[in-house]
Amino acid sequence: MNVTEKILSGARIDFDEALSLYEMDFFELGELADAKRKALHGKKTYFNINRHINPTNVCKDVCKFCAYSATRKNPNQYTMRHEEIMDIVKEIDSRQATEVHIVSAHNPNTGLEWYLEIFKKIKTAYPHMHIKALTAAEVNFLAEQYGKSYDEIIDLMIENGVDSMPGGGAEIFDEEVRSFICKGKVTSAQWLEIHEKWHNRGKKSNVTMLFGHVEKRKDRIDHMMRIRALQDKTGGFNCFIPLVYQPENNYLNVQEFITANEILKTMAISRIVLDNVPNLKAYWVTSTVNLALVAQEFGANDLDGTIEKESINSAAGAASANGVNLQEFVGLIKNTGFTPVERDSVYNEIKVW
Ligand code: V47
């Protein structure tokens, strides 16, 4: 059986076969990924109405790709008061948002309570609002900073009302690349351990991959393989999110922007390799809306949402600071021949638009 036949038969492919897909004809690869997408989701494209909040940009870590944290290149430090965060949640609750996505930098000055009590405040005032918060990088930071185990931090997250974990901080698992782009941050093994512990509590999370910087194709496949192995054990990942590297205002100094062709190939390959992760998100913030729409034909079945406000990727050049208009977003999905389906944070369908 050749690799195409293997994929079509539903058999699992290995590392070398996955890597060889980059050499396949572009459209043939797209069709294979599309067949996988259609088998799972037909023509449905999911999105949700959510709001990102990034409460502080003060960070003890220095990741070379990051333009968000306050550094020499971005000296404007901020840390939000809980009241400011509550005002935002009140405002989005009065519209249709079902999820608040809270991710911060690793601020050593706020105390543990500042990080955790905001969740209880939100959950008490808005019990129906899904709280997706704290990346594994933040969990690791809080555990180290306050002398707690991962289990203790996870207990506190659950007690305070965190519903699911976002996929941030995964970057690239290959240790050599990781130590070049974000030395000192949560290690790959720790990132996976934290998600495994979270899944073992019966909770769901997402997983990202930052690509298009200094990593090689083999590093992306390695990243996918490590996700697939953990997912076999836990089944806790809802969604894979390949994040396209944004090159501005940071210290990584990548001169060439990854091509659309390479982005779409990577999406398609991830749909095929990650045969046990149900959803593939084309995060328009980093891929552009236009490419995310095309990615619907290369395996992607989720376009995230309207976002409204986004600070991490827009700091590095993404044109996402103020989100997109809901009607326009839905219209674009329809115009490209797909069915826009609003979902909640764990992929229950809310409304077919
Ligand atoms: O972990 C930082 C990335 C991530 C850059 O779980 C950059 O539903 C591109 O994880 N270029 C945070 N990316 C965002 C994130 C996320 C986004 C949307 C949905 C979900 C989810 C998670 O942003 C970080 C990092 O990998 N990032 N700098 C940059 N220059």
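For ligands, and for the atoms within them, numbers begin at 1 and follow the listed sequence.
Protein heavy atom at the shortest distance from atom 23 (O) of ligand 1 is N313 ND2, 3.6 Å. Summary of contacts: the protein heavy atom closest to atom 12 (C) of ligand 1 is I312 CD1, 4.1 Å. What sits closest to atom 10 (O) of ligand 1 on the protein, heavy atoms only, is G168 CA, 3.0 Å. Here the heavy atom of the protein found nearest to atom 4 (C) of ligand 1 is L243 CD1, 3.7 Å.
A heavy-atom distance below 4.5 Å is not found between the side chains of M165 and K203.
Comparing Y283, F211, F240, F65 against atom 2 (C) of ligand 1, the shortest heavy-atom distance belongs to F65. Across the listed options E99, Q246, H101, H101 owns the non-hydrogen atom lying nearest to atom 16 (C) of ligand 1.
Backbone and side-chain nitrogen or oxygen atoms of L210 are examined, and none is located within less than 3.5 angstrom of a nitrogen or oxygen of ligand 1. Considering backbone and side-chain N/O of G167, one or more are found under 3.5 Å from N/O of ligand 1. The shortest N/O to N/O separation between E171 and ligand 1 falls below 3.5 Å. For ligand 1, the polar-atom distance check against N206 finds a nitrogen or oxygen pair separated by under 3.5 Å.
A heavy-atom separation below 4.0 Å is found between G169 and ligand 1. Using a non-hydrogen distance threshold of 4.0 Å, K132 registers as a contact of ligand 1. Ligand 1 has at least one atom lying under 4.0 Å from a heavy atom of K281.
For T135, no heavy-atom contact with ligand 1 is shorter than 4.0 Å. Of the heavy atoms in I241, only side-chain atoms (C-beta onward) come closer than 4.0 Å to ligand 1. With a heavy-atom cut-off of 4.0 Å, A316 touches ligand 1 through its side chain alone. Using a 4.0 Å cut-off between heavy atoms, Y68 makes no contact with ligand 1 at all. Of all the heavy atoms of V244, the ones lying under 4.0 Å from any atom of ligand 1 belong exclusively to the backbone.
Among residues two or more places apart in sequence or in another chain, the ring pair (Phe, Tyr, Trp, His ring centres under 6.0 Å) test is passed with H195 by W191, F237.
I269 pairs in a side-chain contact (heavy atoms from CB on, under 4.5 Å) with only one of the listed residues (L274, L19, I13, I221), which is I221.
The pair K132-D163 does not count as a salt bridge, with every side-chain nitrogen at least 4.0 angstrom from each carboxylate oxygen. In summary, R226 and D222 engage in a salt bridge, as defined by a charged side-chain N under 4.0 Å from a carboxylate O.
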Using atom types as modelled, flag every donor-acceptor pair under 3.5 Å from a side chain in residues 180-187 to any protein atom, sequence neighbours excluded.
residue, atom, partner, partner atom, Å
K185, NZ, E171, OE2, 2.6
T187, OG1, Q190, N, 3.1
T187, OG1, Q190, OE1, 3.2

